[in-house]
Protein chains: 4
Amino acid sequence: MRRVAAPVIDPRRGSSVMVRGQGHVMTRQLTQRGRERRAQLLDIAARQFAEGGYHPTSVAEIVEAAGVGKGVFYWYFESKEALFTEILRDANISLRRRQQAALGNEPDPIRRLELGILATMHWYHEHRYVFNLFQFAQSETEFAAILVESQETSLNDAMRHVKEAMAEGRIRDGDPLFLTQAVIGTTGHLARRFIFDRDDDPDEVAQMASAFILHGLMAQPASVS
Amino acid sequence: MRRVAAPVIDPRRGSSVMVRGQGHVMTRQLTQRGRERRAQLLDIAARQFAEGGYHPTSVAEIVEAAGVGKGVFYWYFESKEALFTEILRDANISLRRRQQAALGNEPDPIRRLELGILATMHWYHEHRYVFNLFQFAQSETEFAAILVESQETSLNDAMRHVKEAMAEGRIRDGDPLFLTQAVIGTTGHLARRFIFDRDDDPDEVAQMASAFILHGLMAQPASVS
Amino acid sequence: MRRVAAPVIDPRRGSSVMVRGQGHVMTRQLTQRGRERRAQLLDIAARQFAEGGYHPTSVAEIVEAAGVGKGVFYWYFESKEALFTEILRDANISLRRRQQAALGNEPDPIRRLELGILATMHWYHEHRYVFNLFQFAQSETEFAAILVESQETSLNDAMRHVKEAMAEGRIRDGDPLFLTQAVIGTTGHLARRFIFDRDDDPDEVAQMASAFILHGLMAQPASVS
Amino acid sequence: MRRVAAPVIDPRRGSSVMVRGQGHVMTRQLTQRGRERRAQLLDIAARQFAEGGYHPTSVAEIVEAAGVGKGVFYWYFESKEALFTEILRDANISLRRRQQAALGNEPDPIRRLELGILATMHWYHEHRYVFNLFQFAQSETEFAAILVESQETSLNDAMRHVKEAMAEGRIRDGDPLFLTQAVIGTTGHLARRFIFDRDDDPDEVAQMASAFILHGLMAQPASVS
DNA sequence: GATGAATGAGGTTTCATTCAT
DNA sequence: TATGAATGAAACCTCATTCAT
């Protein structure tokens, strides 16, 4: 990690936790202090998972980094797995919030795509450690399912822009899902390679990515062969 | 895994192994039978890692699936990690071989890109389980390094086509590395989503991917705004 | 537990507690409310120990069921072990009280045995959950000692009847302790099997138990009175 | 434990083990050495559970007593619980075997009961530590079920004798199950009190127990044969 | 070459108990 | 009195690796 990244956790969220009370799940009310501790653990864990991998990072390492006893972890989280799941969900919520904020009331769907790509690059730039978490999550069935579910809303947002643009004849006809996935995949991979690996300027990466993606989507392209 | 995928291992390769014997590393010569057993273990392990994850899959499970004792594993591989590293390398060699074979003597660089995308989709279709392996490998530093190294040659192949096309004025000017990464990232993500997740027809996916990518690369696009 | 059983705790008892405060043991005076809370905890704990076992039942579960914080537990009890010890003592006191009440001034020792068996069956019927507590307590040295000590008085009561009956020539000569243990053992096991396991009618079980205890298996028994 | 008791495990039994092989249960073949080690662990564990209780005795203590590493335990047993279950089953098999051997071809059902009681007392005398195991097992639902199931055969054996004797008019009419349970309960409790607690002579205990069971407490019993 | 057995550090999780508020 | 938070030892169990046979 070349520079400290902003946490993805909103400490005001989550004033209560789900815990196991002998067989049935109950909700535990947390004090202000409790909420802060919980957010701290989420943040520390996210960074350690990103740095060292989910499996290789032990609960012991997490609590040690937080400077608390081992029991604290299980006071706030049902399991290591539940913690990771929550990190994934929180990250996606944070990313989508940023994308939404960036769109404002922009009426042009193509412009909305551009703004979304720009917001995404900036968010990744600030939360660079999340790359590895998503990457890993994709690789194990249970977590991949969480990811898909968490990203569904963002996917639909983007697909809406694509459909609108298509209806306006601004972009080529085609399967909207396929095109949207192309947009997302390209954005993600370029972010990984140029923002995460090389720490390039997010504005520049976004601009180049937009160029590639928009030409890819455009109607009336130059003839291919 | 919806259907049985072809192994990525060439059993003729690897007629000797590096192993630890009495403290120092030594090279072991393998018989024909030995080479087959080794290839079998690589194949079984690859599938199990893909299905259940690298860390969650234990050496015990691998040897059990192979129907051999635990000692056999360490007869052929230095460690679980070395085994995985080898799987990654082998997979990339296999993929590149397929891409190379597809290009033939095609003189047109743009056509070479198209053929490469098509070959890639077909290869992923046949080795679908490899997706998870690559995805996971990206997420842990040590394995990510292996991946980057293994994929460097393929990357340079593709970049050569891009540069040539650019020199011929067939595609837009721009950072060739950036454009090549865009091509690769888009191809990979679309393969993941449509070939792995949905088992779509690789020819169709390749065709749609090529359309998106080539328009993205093209010179003289339709005006954006 | 098929039906709610009566608590074995007398909330009027125990107006003060022994607890550890600053390193030394001190006696704490309890208010009326305090005594009730204490009795409530004893009762809840007894049922949970019976249902789920002493060791598997955690203090956390007990206080959760009582709807109080964890500190409360240690305000009223020195430890989980002390709590269980007290449950055992209370249960035996309650049982003996019932047995005593049943005897009245009955002059016939044999009749007294019968009345004792009947009272015991009824008590077990009302406090069915106690079976598991006694059973468990027998199995761990420290608790077994508490049981033996708590049951000594009841044992001596019963043995007095046996000795009197023997002196009157009403029952066979023999080791009074042995015969008394036989009476107790038979009563206990039959209660377990027919009252706890099958929820049979305590009057019927008592009657059949008395017949067995007095006459054994043989046909043509000596007339009872 | 005042004296060393004979193990209840037959090391020739059990040439294979059930173990978990990732989700599904598989059977593992054991070598002669493996079978001995397994029997040793069963025996050591049984004694330690009896002495210190099932829950308080840790797997660490068991393997330490056996002088082996912790992994060995899980090589031979699926879990601590599975081990205990097996101890319970083995003990009941051993007890029943002894009872059966004692009966020979004895035609008289009453005599068979007597011989059964005698064999039981001797078996308990040799396997005294089993008392606590049974006692504890009774107290937790899951293990109690195992006990009931394991003892069903012995119960039916004894009930057959009771029914025969009843058919011959040798013992009183009554519910055969009730009477059989009375026999078993009395025998068990007396064994516990006089053989386990006091280390009395099993022959004497058996004789007094038989007298009580056959005649009850009454003087002038009906003649036995 | 191959096997079953063994190792033991280390993993996740639980829990009796204490303490600051 | 009472609470939520914290502790940390210790529980059960896993697993990469080694080894005797």
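In this text the structure is predicted, and so the values were computed from the model without any measurement. Each chain gets a letter, A, B and so on, in the order the sequences are listed, and its residues count up from 1.
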With nearest nucleotides of DNA chain E determined for D/G34 and A/R33 from heavy-atom distances, which residue corresponds to the more 5′ nucleotide?
D/G34
Closest to the C/V59 side chain, choosing from F/dA5, E/dA16, E/dA5:
E/dA16
Between P on F/dA11 and CG on D/L83, what's the gap in Å once rounded to a whole number?
16 Å
Could you report the tightest heavy-atom contact between C/E140 and D/G53, atom names first, then the distance?
OE2-CA, 3.9 Å
C/F73 CZ to E/dC15 C1': how many Å, rounded?
12 Å
Among the candidates E/dT17, F/dA2, E/dA5, find the nucleotide nearest to the side-chain atoms of D/L30.
E/dA5
Would you call B/Q138 and B/F143 a side-chain contact if the rule is heavy atoms closer than 4.5 Å?
no
Along DNA chain E (nearest heavy atom to each residue), the more 5'-positioned of C/A60 and A/P56
A/P56
Side-chain N or O of D/T31 less than 4.0 angstrom from OP1 or OP2 on E/dA5?
yes
Has A/R37 got a side-chain N or O lying under 4.0 Å from the OP1 or OP2 atom of F/dA6?
yes
Heavy-atom nearest nucleotide on DNA chain F taken for D/E81 and for B/S58; more 5' hit belongs to D/E81
Locate the shortest heavy-atom distance separating C/S139 from D/Q135; write the atom from each residue and the value.
CB-CB, 4.0 Å
Is a side-chain donor-acceptor pair under 3.5 Å present for B/E36 with B/Q40?
no
Give the rounded distance in Å between these two atoms: CD of C/E61 and P of E/dT13.
18 Å
Let me know, please, whether B/G71 or C/G67 comes out on the 5' side of the other along DNA chain F by nearest nucleotide.
C/G67
Nearest-Å distance, CD1 (D/I62) to C1' (F/dC13)?
13 Å
Taking the side chain as every heavy atom from C-beta outward, state whether D/Y54 and D/K80 have any pair of such atoms under 4.5 Å apart.
yes
Give a yes/no answer on whether the side chain of B/Y74 brings an N or O atom under 4.0 Å of OP1 or OP2 in E/dA2.
no
What orientation do D/F136 and D/F84 show, parallel under 30°, tilted 30 to 60°, or perpendicular over 60°?
tilted
Report the base-pairing partner of F/dA20 (Watson-Crick or G-U wobble, both distances below 3.5 angstrom), or none.
E/dT3
Interatomic distance where CZ belongs to B/F77 and P belongs to F/dT18 [whole Å]:
15 Å
Integer-rounded Å distance: F/dA11 C1' and D/Y54 OH
12 Å
Side-chain N,O (A/K70) to OP1/OP2 (F/dG8) below 4.0 Å
no
Euclidean distance, atom CD of residue A/E64 to atom C1' of E/dG10 [Å, nearest integer]:
14 Å
Would you mind classifying the nucleic acid contact of D/V72 as base, sugar-phosphate or nothing, using non-hydrogen atoms under 4.0 angstrom?
base
D/F49 has an atom CZ; how far is it from atom C1' of F/dC12, in whole Å?
12 Å
OP1 or OP2 of E/dA5 less than 4.0 angstrom from a side-chain nitrogen or oxygen of D/W75, does that happen here?
yes
